[in-house]
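Letters A, B, ... are given to chains in the order of the sequence lines, protein chains preceding strands, and every chain is numbered from 1.
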Amino acid sequence: MAGVLAGVRILDLTRAYAGPIGTRMLADMGAEVIKVEAVQMIDMPSRRLAYAENALDDEPWNRSGVFHWLNNNKRGITLNLSDAKGIELVRELVKISDVVAENHSPRVMKNLDLDYDSLRQLNPSVILVSMSGFGQTGPHRDFVAYASVMEAAGGLTAMNGYTGDTPRNSGTAYGDWVLGAHGAASVVLALFRRQRTGQGAYIDVAGREAVTSHIGEAVLDFSMNRRVAKPAGNSDGTTTPHDCFRCKDGWIAIAVTNDCDWQRLCDTISQPANPRFATETGRWQHRDEVRRLVETWTFQRTAHDAFGVLQRAGIPAGPVLDARDVMLDPHMTERRFFEPINHPAVGRRLHNRHMPARFSGQATEPMRPAPRVGEHNADILHFLLGLDARGFARLEKERIIGNAPDKLPRSATELPLNQPLWEREGLIRLDHDYNERLSKAYGERLGAMSK
Amino acid sequence: MADPLLSGVTVVDLTHHVAGPYCTKLLALSGADVIKIERPRTGDPSRQAGPFPGDISHPEKSALFLYLNTGKHSVTLDLKRDEGRSLVERLVRDADIVVENFSPRVLPSLGLSYASLRRINPRLVVTSISNFGQTGPCCDYRATNLTLSAMSVGMSQQGAEDREPLKLGGRQVEYMGGVMALTATIGALFRRDIDGVGQRVDISLFEAAATNDEGSYVTYGYQGVLRTQKPNRHAWGHPAGIYPCRDGHLIVMPGYGNIESLALLVEQPELAEHPLFKDRYARQQRPQEFDALVLPWLKAHDKHDIVRRAQELRMPFSPVLTVGELFDDAQLASRQFFQAIEHPEAGDLAYPSGPFRLDKSFPPLRRAPLLGEHTEEVLGDRLGVTKRELARLRKQGIV
């Protein structure tokens, strides 16, 4: 496959969100990522989230949108790591891989004899990236961490919220993204060095430390001034206006960063110049009035129209977009941020790249569908490792490998039934025309219509 | 002792503000030789951003600049002047990477388009970071961290339901773009070592930020579901949010299937039989009633104590730490996460060591440069510019 990391093989022992986000970025850059699950424990919660058309039907674990989003471009095998034969096959794969990626708690790899020292015996130049919430060492190394935990422990959550109000969580599991993104970054750095010097690496990425690396200026402000950054809404110091404003059909964010921008904004919204607002200090002092002034104008327009008018006047502005808006956005459509992927269980569905960078020297290859459970067992174990047909059959019989989970947790069959509850509670909105809208925007039959 | 990751790699850094500099900060942290080109006299605008010690503005004491520019060399050059441009071209000839984050028209207008850079050095990797990418209907649009946050899905799911959508604290879109740019740049450099050819990497901050959607695109494309803003309520379960305790706030989350542990935590094991503990759907429909069962105990205890007990029960709790409280954190102290660096103007300050550790330690941090600190060294030693020429260039404001 074309891609800057073509020829690199990554043994992917990660699960859930953060680890798979990291290995997905590497897969998108052309690395061969072999994702390991087990029939005793398939990748959860992702394999039970967002079933196509919210229907249980056949093999729901192969029809989960969230699993696909996280694991497109990867190959998938099953191996029972509680069994010595399963471990032996992992060890064989380590020998022929460049990178091993994992996000278990630190004890787990040691207990499986898959810690760095053990891996190095098998493959002296292997790169091991261990992604965790709190790090591989230290008194809290065994803490269980979800995304919000890493954000809170990283110091970011205390800075999120309306001015003067209590802290709030991110709306998109940001901590997982930050951990995965830095996991991917550290792997390519290690690959680069290894190619020149033959040295492997043991990389320890702590999600909460990566989050703190994203608020370094606040750390230094504390170091300088003993000042604790508090929630400040959408503001940025005292620049005004710098917030979201209500439109006819939603919201638009406007960021006036200097007096010139302010003057242009006044001209655009047909406001006479007011000396009280001419300077940043003046605008900050009278910010409620400034806000009302701007919002009177935005409220009469759709977010899309306001966006066009403001950008033509050279003012930084952006509408608040939801997932549907982004998928239908003309700029995104032209940039091909989303591409349809054909998956045998769900038909053609739109997916974005996790590494959307454009490389002038690489052809853009179509993305490949996320693996069904154990889909590449034969490819990897037989064709790559040389396991013969008898050995393969024995592994299947002993459920060391397989193509369907042994049992599903109740949540895998119960959660889809919650949609009406969530809609009633206002936690979600349902758009029944989703497939038609997307098919029309992308000029082809998508989803259930494409099978 | 292992070699630095990017030993022998030279970067000509044309970036400013946040996104580009975070990328080149990580390059410097990894051992690359980063030559930061700054405008004469004023330098990178982040030198004016602050925060400053005692809130007194000073171009060598801006926290944002100091943090983002650790380990780099500063050379002042005016790219708009012919001689400034040709000096940059000479640096580019011997470099491996160029990183820039101007809007797409700028470099070509200065005679430094990718095509020109490539002619000078075909092995060059040129990374261009911009708001919306080098192509597309919005490519010349103006944007900031706030406006790009608004457009990249997250804000539509953040904040209170009856108020304006809320961005994350700080400048997250720009940091996201920076780390993506790093990964893509080194990927291209890795390829260059194999086939000998450089290339151009186009990073859009909008796209980088839009990859952080927590599956929102697929929940729409597979099910037609759109998430809404709802404080402390998540479609996937309750509780899963921020709660007050005696001395602050914490993340309260039993984790799926672990609700009995929460009853144990609040020292009322019999609560495990309470209808709102047993029935997760009832809990989701009556969240305030549920919260009333656990809040009194939480409010009577301190965050570190609660988290220690909760984690012993394998529940993913965390204190909501302020930036100041990070310095009291036992885990960070044990990992030596903060390093003290001296700076001739800003003094001794504590810096986060970095977002990953290799081979059990963080690399040592070097301070941010003074404006033009390395101009003479770089132009003189590397390009052979004489002291007299340098004096003339300074007088003419080119350097």
Shortest non-hydrogen separation from [X] to [Y] and the atoms involved:
X        : Y        : result
A:Ala357 : B:Val201 : CB-CG1, 4.1 Å
B:Tyr67  : A:Ser213 : OH-O, 2.5 Å
A:Gly216 : B:Tyr175 : N-OH, 4.1 Å
A:Gly426 : B:Thr228 : O-OG1, 2.7 Å
A:Ala206 : B:Arg335 : CB-NH2, 3.9 Å

Does any N or O in the side chain of [X] come within less than 3.5 Å of the main-chain N or O of [Y], such that one atom is a donor and the other an acceptor?
X        : Y        : result
B:Asp359 : A:Tyr202 : yes
A:Arg193 : B:Asp3   : yes
A:Arg168 : B:Leu168 : no
A:Asp221 : B:Pro51  : no
B:Gln311 : A:Val144 : yes
A:Asn234 : B:Pro165 : yes
A:Gln311 : B:Tyr141 : no

Is any side-chain heavy atom of [X] less than 4.5 Å from a side-chain heavy atom of [Y]?
X        : Y        : value
B:Val179 : A:Val178 : no
B:Asp213 : A:Trp69  : yes
A:Asp322 : B:Gln157 : no
B:Phe327 : A:Phe222 : yes
A:Thr166 : B:His249 : yes
B:Glu214 : A:Tyr17  : yes
B:Thr322 : A:Met159 : no
A:Phe192 : B:Arg191 : no

Part of [X] lying under 4.5 Å from any heavy atom of chain A:
X        : value
B:Pro4   : backbone
B:Phe52  : backbone
B:Ala188 : both
B:Asp329 : side chain
B:Leu321 : both

Pair [X] + [Y], salt bridge at N-O below 4.0 Å:
X        : Y        : result
A:Arg335 : B:Glu207 : yes
A:Arg227 : B:Asp55  : yes
B:Lys360 : A:Asp204 : no

May I ask you to name which of [options] has the most heavy-atom pairs under 4.5 Å with chain B?
options                                : result
A:Met224, A:Glu217, A:Arg349, A:His331 : A:His331
A:Gly237, A:Ser360, A:Ser411           : A:Ser360
A:Ala232, A:Pro45, A:Gly161, A:Ser64   : A:Gly161

Between [atom1] of [X] and [atom2] of [Y], what distance do you get to the nearest 0.5 Å?
X        : Y        : atom1 : atom2 : value
A:Ile203 : B:Arg357 : CD1   : CZ    : 13.0 Å
B:Ile203 : A:Arg358 : CD1   : CZ    : 9.5 Å
A:Phe134 : B:Ser334 : CZ    : OG    : 13.0 Å
B:Thr219 : A:Ile428 : OG1   : CD1   : 9.0 Å
A:Glu209 : B:Gln331 : CD    : CD    : 7.5 Å
A:Arg429 : B:Leu226 : CZ    : CG    : 5.0 Å

So is B:Arg163 actually on top of A:Tyr162's ring, under 6.0 Å and inside 45° of the axis?
-> yes
Is it the case that more than 12 heavy atoms not belonging to B:Arg118 sit under 6.0 Å from its CZ atom?
-> no
Using distance alone, with no hydrogens and no angle criterion, decide if A:Glu53 and B:Tyr222 have a side-chain donor and acceptor under 3.5 Å apart.
-> no
Kindly state whether the ring of A:His351 and the ring of B:Tyr217 have centres lying under 6.0 angstrom apart.
->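 Ring centroids of A:His351 and B:Tyr217 are no less than 6.0 Å from each other.
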